[in-house]
Amino acid sequence: MFIIECPWCGKRDQSEFSTHGEAHIARPEDPSVLSDEQWGDVLFFRHNPKGQHYERWNHAHGCRRWFNVSRNTASSEIYASYKPGEARPGAGKS
Amino acid sequence: MKQPNRLEHGGRIDRDRAIEMQFDGQTLSAFEGDTLASAMLANGLKIVARGFKYHRPRGVFSAGVEEPNALVHLRSGARHEPNARATVVEAYDGLQSTGQNAWPGVRFDISAVNQLLAPFIGAGFYYKTFMGPVKGTAFWMFCEKFIRRAAGMGRAQTVADPDEYEKVNAFCDVLVIGGGPAGLAAAIAAGQCGARVILLEQDACLGGSMLSLPVGGESDACLKAMEATLKGMDNVRILKRTTVFGAYDQDVYGAVERVWDHVEVPPAHQPRQRYWQIRTKQAVMATGAIERPLVFANNDRPGVMLANAVRSYVNRYAVLPGKKIVLATNNDSAYAVAADLVRAGAEVSLLDARVSVPAELFKPLEALGVQLYPGYGILAAKGSRGVSGAKIVLLDENGCARGPSKTIRCDLIAVSGGWTPVVHLWSQRGQKLQFDEQSASFLPLKSASSTLKTAGSANACGDLNQALLQGEVAGQEAAKAVTGVVGVQVNVPRLKEAIYADDWARDLLMIWSVTREDGSTDGKAFVDVQHDVALSDIDLAHREGFVSVEHLKRYTTTGMATDQGKLSNINALARMAQLQALSIPKVGTTTFRPPYTPIAIGAIAGREQGIHFRPTRLTPVHDWHVDNAAVMIEAGAWKRPWYYPEGGETINQAYVREAAHVRKHVGVVDASTLGKIAVQGPDAAEFLNRVYVNAWKKLKIGRLRYGVMLRDDGIVLDDGATARLGENDYFMTTTTANAAKILGYLEHLLQTAWTDLKVHVTSVSDQYAAFAVAGPSARDLLDAVCSGADLSNEALPNNQFVKATIAGVPVRINRMSYSGELAYEVYVASGYAHAVWKNLFKAGASFDIKPYGTESMGALRIEKGHVAGPEIDGRTTLGDLGLAGFASRVKPFSGSVLRHREKLDMASRPTLVGLEIDGDTGGMAGSLIYDQRAQQMGEEQGFLTSTTYSPALKKYISLALLRDGHERFGESVDIVNHVGDTVQTAKVVSPHFFDPEGARQNA
Ligand SMILES: [Zn+2]
């Protein structure tokens, strides 16, 4: 029920968005060269911190763009939201 | 009925408006301004409820939301409501109420025999008796019914609530929670500083604790002045009868406004309750405090009440619940109560656990004739169906009796163990609480939050003028944090002088439980009266090794249900601390969670109920289906025709007829629910080539192709056909269920991973309708109705499409077959779909055209061995489904590496087979398959996925996933339905039951 800032549309209600877990998981350039362990990291292993976390969100009921959010998982305080491809902002308040 | 306990004068009731209510068949006469509880007391009702576990008689205990005893059923029929606290139910003429936890009634309750079993129903009784070996046994099944019925906490209504509820979103700068002195001062100050303020008060009137003070006194003048000030402020919105039940992340607060709960039936088009979701920048928590009970033997008897609740009944409701009153306290706050009770005509004895009491407190009382007992406490209440006396003793520093007891005759015992600040919202925000030794309470750690401020009793402020000052400061600071403007002059009324010398937080003696010298009690002494948790239960839990407060809470159930620690928390903690020889803060406190007080689910659901629970999606020809008597089925949010019964057919008769008709003549099914995605751009072919397992770069314009997608982990994701409409223009279809998921998946790839690809994906599911025309006469029918296209087998073979018109409407006709018959899919813009559909039927009359639904569509595809949702279940691979041949060996695609994981490549995996079921009963999807030579238990060898009666084969068939399936054609297997407890036999065959060569679809 909190407010999220879409980098394209601005501040909107959480109900317009869907969340998809940890951000900055790079898709393998060449899938054939990854070891099983590397595939495990790409597909299955995720950080689950209490506190600051980089996450992927989708403005599903809006512009349908994907973007990243730096959020505190304990308080839901949002430190930053930014477009995919942009560098992650420093942990904590920007 | 006469009102024996109603005072001649005073109170904040409207004596000109007499009303009558019913409780358990008795008539209660009352006045407007009463609550159900004040009317019960005014009418001399002593027993109003029964205890939860032991069914002991209970009376009204408090005057607020913390009420543990007087829980009642309100109203009857569809408007019936359980667990209403009579202390906050506003009286209205005609109100019907009945008691709970009792059968046949509260005055005579059969289960009261539980009192005799009391020694056996201690802490953890249910766990001990019904966990372990007996759980899940017939014994538990047998007992459960009776336990649940006897224990009850009211019974819910099972018919739909006829009233309306609604939701509101609101925004403000400063949210003030609580309309008592601190909250009113905060709202005035924040408003005068220019902030947009919302003030919420759970009561029907503003004033909070000031409403319990004598009518017409100086506090009333102050309250009137504050109300007048607020009335003149445009930027302050006041909501009464509104409870903030939860505080959430990012300063969102949930509140419920009881708009029309104080009448039997809300006015037309008005909601009974309104759910508010309020976003604020700053909040002031002026939530007050709840008086703490004292613990002594039989402290649950009707006639034992909180001291300031008695004061509230006297001053606010003009009800004196007893004539001869024993007041017991460990702090200052009983002294003003004693004075008010004497003035109302009662005879009062005052016991103070403290040996030395300040003269300014007791001197005025002596003059009023109050008998003082310094150093005394109550060891036990006397009387069984109501208080008849108090056994009092001198106390040592642990609350143990010192010397012999003596008995004072009385008809009411009023107790004050200090106050518990209401800090629930603070705790809900995940903020820390800190134990304050002076007030013996957990308080907000002030520096912890920058957006939530506290003021008044919630802050353990025990003095009225101080509370006003704290409210003013909090309101000012909150406004300053929003507006950034400093130094605004505010003007909040103040009392000229403190009326009473009392300050409950000043000099409290931490004794709450009174016991005999050996620590035992003279009868059940309750820590939590609502849950019947006695001091002895806490002691038992301690002996059994429960040291954590969270464990203790769950084991004994103390502070659960509507109490949520309001009354029981500190007393339970103090006892634990005593037993563990620790301080209270070392024992810790439990975490409060929403809701603060119970709220109706209806208020949260609002109007999102019934068919409005979620949106319904209808295809463009929905009305035709309804007009033609289709039975509809829900497919996700969609409504689809399930079957079209003729002449009273059952579903089984109808789908078999429809499927057979398609194979003989021609049928049409509405396939508009398919996911449709426009994939456009110069790199569209490259993109399709990466997401589908098969090759796409050589697909010519005018052609279409079936494709399968995998997840990155190699499991099958979805399938469907994609047509190439133009150079850079592709039209993808997905399964109905996965339409949104696939769109999101493709967007994610394009926006985050393959940003260099010049491709746009756009959902066009709602823009196009699709009809499958299938059957031997399909071409003849379309030839008759279409213009501008050659539909001959040579000009339009399978996997090609043409553009044509039907009745002047442009359509696209894909030659492809799901049913296995000669078939076409007609795509048309949604707005023209109805017209095209009707033209198909008009022209189709001479070809014996029939519509068919999803059930027969399923039968046709099972006969052909085509996979759908039950087979693409998120666990199956291309190999499992017999689709491995589609996968390219030369190009990489999503999932191309991990589909060859060791366990996914195992030859023995269950693979798709057909089953011909013996006998004249169909199989049940999900039934397990066992080898006939082995036991029909343990790990299965496979399971049924999709089953149907096959009109073409004239037998029951099923698709199934079976271990080593391809090598077992011809084998007979057992099908076990563990749910229905049936066993069938079946022959394993190829999943392509009907026309495996595809001669019919290529005709
Ligand atoms: Zn957006």
Side-chain angles (χ1 to χ4, degrees), chain A residues 1-5 7-8 11-15 17-36 38-44 50-51 56-69 71-79 82-86 93, chain B residues 167 169 171 246-254 275-281 429-431 448-451 594 604 608 615 690 710-715 740-741 743-756 760-763 891-903:
Chain A
M1 48 169 65
F2 45 87
I3 302 276
I4 296 167
E5 183 160 5
W8 288 275
K11 289 182 175 176
R12 295 289 190 277
D13 190 88
Q14 186 196 340
S15 58
F17 298 88
S18 57
T19 181
H20 299 268
E22 189 175 350
H24 301 290
I25 308 284
R27 196 178 173 81
E29 292 274 323
D30 181 359
S32 61
V33 299
L34 269 67
S35 67
D36 284 0
Q38 286 170 318
W39 270 115
D41 287 340
V42 169
L43 287 179
F44 304 120
K50 181 182 181 184
R56 294 180 305 165
W57 285 76
N58 180 227
H59 196 183
H61 300 286
C63 66
R64 293 204 56 87
R65 301 267 203 147
W66 290 76
F67 60 98
N68 296 329
V69 168
R71 183 180 71 101
N72 184 316
T73 57
S75 67
S76 279
E77 187 180 351
I78 291 178
Y79 304 121
Y82 54 101
K83 296 175 182 177
E86 289 181 356
K93 224 169 181 132
Chain B
K167 295 185 193 180
N169 279 288
F171 298 80
Y248 303 95
D249 292 337
Q250 286 195 0
D251 303 296
V252 174
Y253 291 83
Y275 166 52
W276 289 79
Q277 185 169 280
I278 302 168
R279 298 176 198 288
T280 188
K281 297 186 179 114
R429 287 299 310 274
Q431 305 284 12
S449 171
S450 56
T451 56
I604 298 174
E608 287 160 35
R690 292 188 195 181
L710 302 187
R711 306 194 311 221
D712 283 320
D713 64 359
I715 299 291
K741 185 164 124 186
L743 180 70
Y745 166 68
L746 300 180
E747 287 171 330
H748 182 245
L749 289 172
L750 288 170
Q751 291 176 29
T752 66
W754 301 332
T755 50
D756 55 325
H760 272 299
V761 289
T762 312
S763 170
K891 60 147 192 174
F893 52 84
S894 292
S896 60
V897 176
L898 293 192
R899 84 185 185 94
H900 290 302
R901 277 184 288 166
E902 199 181 336
K903 293 266 161 110

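Numbered from 1 within each chain, the chains take letters A, B, ... in sequence-line order. All figures in this text were calculated on a predicted structure; none of them were measured in a lab.
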Practice task
Inspect the surroundings of NE2 in B:H900 and state if more than 12 heavy atoms from other residues, nucleotides or ligands are less than 6.0 Å away.
Solution key: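 Count over threshold, so yes.
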At a heavy-atom separation under 4.5 Å, does [X] approach chain B through its side chain, its backbone, both, or neither?
X     : value
A:F44 : side chain
A:R56 : side chain
A:W66 : both

Exercise for the section: Report yes if some heavy atom in the side chain of B:Q250 is under 4.5 Å from a heavy atom in the side chain of A:I3; otherwise report no. Expected result: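 They are in side-chain contact.
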Problem - B:S894 side chain reached by A:R27 side chain, heavy atoms, under 4.5 Å - result: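 Yes, at least one pair of side-chain atoms sits under 4.5 Å.
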Practice task
Name the member of A:D36, A:V42, A:L43 that forms the most heavy-atom pairs with chain B at distances under 4.5 Å.
Solution key: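 When all of A:D36, A:V42, A:L43 are compared, A:L43 has the most.
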Exercise for the section: Heavy atoms only, distances under 4.5 angstrom: which of A:L34, A:D30, A:D13 has the most pairs with chain B? Name it, please. Expected result: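 Most heavy-atom pairs under 4.5 Å with chain B: A:D13.
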Practice task
Examine whether an atom of B:R279 lies under 4.5 Å from a heavy atom of chain A, and if so say whether it belongs to the side chain, the backbone or both; otherwise answer neither.
Solution key: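 The side chain, not the backbone.
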Problem - Residue B:L749 versus chain A: region with a heavy atom under 4.5 Å - result: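 For B:L749, the contact with chain A is made by the side chain alone.
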Problem - Smallest separation among heavy atoms of A:P84 and B:T752, with atom names - result: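 Reported closest heavy-atom pair: CB-CG2, 4.1 Å.
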Exercise for the section: Search all heavy atoms of A:R64 against all heavy atoms of B:E747 and return the closest pair with its distance. Expected result: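 Scanning both residues completely, I find the closest heavy atoms to be NH2-OE1, 2.7 Å.
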Exercise for the section: Count the heavy-atom pairs under 4.5 Å between each of B:D712, B:V252, B:D713, B:T755 and chain A, then report the option with the highest count. Expected result: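 The answer is B:D712.
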Exercise for the section: For each of B:L743, B:D251, B:D249, tally heavy-atom pairs with chain A at distances under 4.5 Å, and name the one with the top tally. Expected result: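 Of the options given, most contacts go to B:D249.
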